[in-house]
Every structure is written in structure tokens, then in C-alpha cells.
Amino acid sequence: MAAPSLLLLIDRSLFAKKVKDTRPLEQSEPGWKLFGKVPLREGSLKDPKKVQKEYETRTGRPHSPPSPKQSVRKNLDFEPLSTTALILEDRPANLPAKPVEEAQKHRQQYEEMVAQAKKREMKEAQKRKKQLEERCKLEESITNAAHTWNQEILPNWETMCTARKVREMWWQGVPPSVRGKVWSLAVGNELNITHELYNICLARAKEKWKSLPASVPETESEDTGLSLADREASLELIKLDISRTFPNLCIFQKGGPYHDMLHSILGAYTCYRPDVGYVQGMSFIAAVLILNLDTADAFIAFANLLNKPCQMAFFRVDHSLMLTYFAAFEVFFEENLPKLFVHFKKNNLTPDIYLIDWIFTLYSKSLPLDLACRVWDVFCRDGDEFLFRTALGILKLYEDILTKMDFIHNAQFLTKLPEDISAEELFIAIASIQMQSKNKKWAQVLQALQKDNREQERGSPVLKR
């Protein structure tokens with residue numbers, strides 16, 4: 001019987017302890033802690049009036065009731081800018097007040113944070129102001145340049161176009177408002193194409209389009225080697241390629257404002273030069289011209305531009321002449337960038353891997369549009385040479401990066417250049433390129449290579465590549 005009595009005693013003891021623990025505390029006011037409320041410690045409750053009086057005695061500032069517009073932070077002379085001002089808050093009334101030294105330290109820290117924030121805001125404001133000033137300065141310079149082109153240069157084109165002042169202005173970029181007119185005059189019209197001829201070619205293209213099937217297999221769009229007898233069949237490929245022309249602008253795709261203009265120019269050219277037909281890359285050149293010229297004038301400039309020796313060699317896929325251009329490019333590549341030239345040779349990175357796309361589209365696909373137009377400005381002034389000089393400028397600009405890459409990464413980088421390429425930095429790099437090798441200029445080097453090429457062709461039925 002002793003064991004049951006002992007168990008009963010233990011059970012009663014535990015039960016009594018539980019009852020004692022679960023009794024609610026008789027507290028009328030909650031305490032304070034960081035997360036939530038806790039019961040007040042015994043004897044920790046202070047009279048708020050007494051606390052306020054102690055604070056006034058310590059700080060020497062009389063207490064006045066806040067107005068509705070004032071902050072709930074009664075002890076501050078200013079409105080805190082953010083939650084960082086919480087360090088200025090007094091502790092709750094049931095806790096010991098801050099020492100004077102700590103309060104001063106917190107105020108000093110807050111003032112430092114406010115000063116840093118104001119400094120950042122001032123710096124950003126100065127940056128915005130500088131950007132605005134630069135933009136206004138640029139707009140003013142463009143306006144002044146446009147006035148000079150319109151009033152002095154264009155009316156006297158034949159005598160002014162070769163002047164040193166005009167060439168310098170050309171290098172700085174032709175103002176967009178006169179760019180189309182300058183390009184037309186610089187490219188010229190050796191083919192004597194008229195607006196009437198354009199309309200005839202366009203009408204013929206429309207007749208061809210009516211006879212075409214509704215859809216074309218995607219694989220046909222890659223075929224640029226059509227027979228001479230049927231180059232006009234490349235009209236089919238135009239529809240597919242237009243959708244890929246400056247897709248981010250959304251103005252040349254079907255339903256866009258310039259879709260029909262681009263379609264008309266490419267179709268008319270295909271009928272005007274059936275021996276050339278349509279080749280991928282043409283759509284980008286025509287699109288840039290459309291953005292700066294009326295449709296008929298854009299067609300005239302387009303046809304004359306593609307009639308230049310370099311463009312004709314590439315668009316007619318004249319392998320022998322293309323190799324000659326690549327060989328001439330490598331002469332100046334080795335002359336200007338010997339370290340990178342050796343690196344490319346070591347990795348078997350040949351010029352055709354990156355140059356073909358640049359030349360076919362005149363950089364309009366590879367560079368940002370505004371930068372590509374600046375390249376076109378000088379290209380219209382200097383001719384084919386500037387296309388290859390620009391290529392060397394790009395290589396020089398990224399020489400340090402390219403020398404650290406292997407074949408795959410070099411090819412990927414050059415076929416998709418950075419979108420944030422700086423116009424000023426690129427033109428500085430281009431300006432540093434010397435298009436002279438052993439006292440021979442570009443045209444002389446190209447002519448000598450063409451002569452050697454012809455001699456090789458006479459000596460062998462197959463061109464040595």
C-alpha cells in the first residue's frame with residue numbers, strides 16, 4: 001500500500017505545480033520588447049509625467065503638445081527622412097532613458113546619414129544636369145551643321161565636297177536631316193536610273209509576285225546561288241527576309257509603315273538586275289536608305305551603291321575577287337595589328353568568318369543603327385576602303401579582349417558585336433588605322449593583288465586558294 005500512496009502524493013504535487021504555473025498574471029499593462037509584448041517586470045512601471053519631467057530637466061527643452069501636422073516623434077526638431085531616423089527615437093517609457101552621450105551619438109550618426117543622402121542626390125542631379133547640357137550642346141551643333149550643309153555645301157556640291165572643312169564635318173557625322181541628300185550626291189547615279197524606270201521595274205515585280213505561290217519553303221531562303229536564267233525567282237525570298245530586317249524596330253515587318261516600301265525596292269531591283277537577283281543582306285541596305293530617302297530616290301541610291309566593285313563582287317559571289325579583297329585586308333591587318341594578326345593566324349580565324357556579314361550589310365546589321373549611319377557617312381566619302389578600315393577599327397577597339405579568346409569565342413564575338421559599342425571610341429580607333437603598307441595605299445595594294453590573281457589564273461585552270 002505504500003507504493004500507491006507514494007504515487008498519489010507525486011501526482012498531487014505535479015498537479016498542484018501545473019495549476020500554479022497556469023494561473024494568469026495580474027498585470028494591467030503590457031511590457032515592451034523587440035518582437036511582441038511581454039509582462040512588465042515587477043516595479044518597472046514609471047509615471048509618464050515623471051519620466052517627461054526628467055527628460056525636460058536633462059535636455060533643457062520644455063515639452064509642448066504636438067499639433068496635428070507635426071510628426072509623432074515629439075523629440076525631433078525636423079522630420080526624419082527615412083527609417084534610419086529611428087535611432088533618434090527615445091526608448092519606451094518603461095525602459096531606462098538614453099544617456100546624453102548615446103543620444104548625441106545617435107543624432108550625429110543620423111546627421112551623417114542625411115548628409116550622405118544629400119550628397120548622393122546632389123551628385124545625381126549634377127550628372128543629370130551635365131547630360132542635359134551635353135544633349136543640348138549636341139542638338140545645337142547638329143542644328144548648326146545642318147544649316148551649314150543646307151546653305152553652303154549642298155548648293156555648291158561640286159566645288160565644296162572635296163574641301164578640307166567639309167571632309168572634317170563628314171567625319172563628325174552628317175546631320176540626319178540632310179543625310180539622305182548627301183548620300184545621294186556622294187553615291188551618284190552613274191546608271192542614270194530615273195523614277196520612270198523604277199516604276200517600270202516595280203510593275204514588273206508586282207506581276208511576278210502575282211504568279212508566285214502563297215508560301216515558300218523556309219529552306220529556299222538560304223539559297224543565294226540561283227542560276228542566271230532564273231534570278232528573278234529570288235523574288236520569293238524577299239518576303240522571308242523582310243521579316244528579319246531590323247526586327248526590333250517593328251517598322252519593316254508585315255503591317256509596319258515601311259514594309260511595302262522595302263518590298264517594292266527589293267522587288268524592283270531584282271527585276272532591274274536579274275543577273276544579280278536578291279541576295280541576303282540587301283534588305284538591310286535598302287532599309288537604311290528608306291529611312292533617309294523617298295522610295296524612288298532610295299531605289300536609285302540602292303542600285304548605284306550595289307554597282308560599286310566591292311559590293312558587286314560580294315553580291316554576285318565572285319569568289320576569286322572576294323578572296324582578293326580578303327588578302328588586301330590582311331595586308332593592312334598585319335601592318336596595323338601584328339599581335340592580333342598572329343593570334344588569328346594561330347587560331348585559323350580567317351577574315352571571311354566575320355567580314356562577309358559586315359560587308360554584305362555595310363555594318364547596318366552588326367552595329368547600332370545610329371553608329372552604322374555614321375560609318376555610311378564616311379563610306380560614301382571614301383568608298384570601299386573605309387569598310388575595311390572600319391573592320392580594322394573594330395578589331396583594334398577590342399584587341400585586348402580578342403587576344404585572350406580562342407577560335408570559337410572570337411568568332412562568336414565578332415559575329416555578334418556588343419550593343420553598347422561607343423561611337424566616339426570606335427571612330428578614334430578607326431582614325432588610328434593607317435591604310436598604307438610599304439608606301440602603297442589600299443587601291444594600289446588591291447590592284448597589285450588582282451594582277452597577281454589574274455596571272456595565277458592564266459597559269460592554272462583552278463584558282464589557288
Is any side-chain heavy atom of [X] less than 4.5 Å from a side-chain heavy atom of [Y]?
X    : Y    : result
V174 : W376 : no
I242 : Q253 : no
P176 : I142 : yes
I421 : P368 : yes
N307 : R273 : yes
V375 : L362 : no
V288 : W183 : yes
V276 : L306 : no

*Report, as yes or no, whether the 6.0 Å neighbourhood of atom CD on E158 holds more than 12 heavy atoms from other residues, nucleotides or ligands.*
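No - once you tally the heavy atoms of other residues, nucleotides and ligands closer than 6.0 Å, there are 12 at most.
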
Kindly say whether the aromatic ring centers of [X] and [Y] come within a distance under 6.0 Å.
X    : Y    : value
F388 : F332 : no
Y278 : Y269 : no
Y198 : Y272 : no

*Check the side chains of S320 and N453 for a donor-acceptor pair under 3.5 angstrom, ignoring hydrogens and angles.*
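Their side chains do contain a donor-acceptor pair, which is all the 3.5 Å distance test asks for.
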
Name every donor-acceptor pair, under 3.5 Å, that has one atom in a side chain of residues 133-141 and the other anywhere in the protein, sequence neighbours excluded.
{"residue": "S141", "atom": "OG", "partner": "K137", "partner atom": "O", "Å": "3.4"}
{"residue": "S141", "atom": "OG", "partner": "L138", "partner atom": "O", "Å": "2.6"}

Extract all donor-acceptor atom pairs below 3.5 Å that involve side chains of residues 433-447 and protein atoms in other chains or at least two apart in sequence.
{"residue": "S437", "atom": "OG", "partner": "E335", "partner atom": "OE1", "Å": "3.4"}
{"residue": "Q444", "atom": "OE1", "partner": "K441", "partner atom": "N", "Å": "2.9"}

About how many Å separate [atom2] of [Y] and [atom1] of [X], when rounded to the nearest 0.5 Å?
X    : Y    : atom1 : atom2 : result
S184 : N189 : OG    : CG    : 9.0 Å
L392 : I430 : CG    : CD1   : 9.5 Å
T415 : K365 : OG1   : NZ    : 9.5 Å
T403 : L395 : OG1   : CG    : 11.5 Å
D260 : I265 : CG    : CD1   : 11.5 Å
D357 : L417 : CG    : CG    : 9.5 Å

*Sorted by first residue and then second, give each ring-ring contact (aromatic ring centres under 6.0 Å, His included) pair with at least one member in residues 419-441; sequence neighbours left out.*
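Pairs touching residues 419-441 that pass the test: W171-F427.
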
*Restricting to pairs with a member in residues 389-410, which pass ring-ring contact (aromatic ring centres under 6.0 Å, His included), not counting sequence neighbours?*
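Checked against ring-ring contact (aromatic ring centres under 6.0 Å, His included) - neighbours excluded - the pairs reaching residues 389-410 are Y398-F413.
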
*Take F360 and Q280, measure what side-chain contact (heavy atoms from CB on, under 4.5 Å) needs, and give me the verdict at the end.*
CA-CA 8 Å; F360 263 106; Q280 283 183 317; over 6 Å; no

List for me each residue that meets salt bridge (Lys or Arg N to Asp or Glu O under 4.0 Å) alongside [X], sequence neighbours excluded, and say none if there are none.
X    : answer
R389 : none
K345 : E330
E168 : R164

Do side-chain atoms of [X] reach the backbone of [Y] as a donor and acceptor pair under 3.5 angstrom?
X    : Y    : result
N156 : T159 : no
N304 : L191 : yes
N410 : D406 : yes
H343 : M405 : yes
N150 : A146 : yes

*Only counting residues at least two apart or in another chain, list the ones meeting side-chain hydrogen bond (donor to acceptor under 3.5 Å, both in side chains) with R179.*
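Scan of R179 (side-chain hydrogen bond (donor to acceptor under 3.5 Å, both in side chains), adjacent residues dropped) gives D377.
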
*Using side-chain hydrogen bond (donor to acceptor under 3.5 Å, both in side chains) as the criterion, list what pairs up with S264, not counting sequence neighbours.*
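Testing S264 for side-chain hydrogen bond (donor to acceptor under 3.5 Å, both in side chains), a comparison that skips the adjacent residues, returns none.
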
Please name the pair of heavy atoms, one in [X] and one in [Y], separated by the smallest distance, quoted to 0.1 Å.
X    : Y    : result
L266 : A286 : CD2-CB, 3.8 Å
A391 : Y363 : N-OH, 3.1 Å
Q450 : T324 : CG-CG2, 3.6 Å
L293 : A301 : CD1-CB, 4.1 Å
I285 : S364 : N-OG, 4.3 Å
C161 : W170 : O-CZ3, 3.6 Å

*asked:* Looking at D318 and R316, is there a salt bridge between them, counting it only when a charged N and a carboxylate O are closer than 4.0 Å?
replied: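 Between D318 and R316 there is no salt bridge, as every charged N stays at least 4.0 Å from the carboxylate O atoms.
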
Give every donor-acceptor pair under 3.5 Å between a side-chain atom in residues 379-386 and any protein atom, sequence neighbours left out.
{"residue": "R381", "atom": "NH1", "partner": "R167", "partner atom": "O", "Å": "2.7"}
{"residue": "D382", "atom": "OD1", "partner": "R167", "partner atom": "NH2", "Å": "3.4"}
{"residue": "D384", "atom": "OD2", "partner": "C310", "partner atom": "N", "Å": "3.4"}

_Ring geometry between Y258 and F252 (parallel below 30°, tilted from 30 to 60°, perpendicular above 60°)_ =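 F252 and Y258: tilted rings.
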
*Provide the full list of side chain to side chain donor-acceptor pair (under 3.5 Å) pairs with a residue in residues 419-432, sequence neighbours left out, each pair given once.*
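For residues 419-432: R374-E424.
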
*For F344 and F333, what are the C-alpha separation, side-chain angles and deciding distance, and is it a ring-ring contact (aromatic ring centres under 6.0 Å, His included)?*
CA-CA 10 Å; F344 277 18; F333 187 2; 5.6 Å; yes

Donor-acceptor contacts, no H, no angles, side chain residues 348-356, under 3.5 Å, sequence neighbours left out:
{"residue": "T350", "atom": "OG1", "partner": "D352", "partner atom": "OD1", "Å": "2.5"}

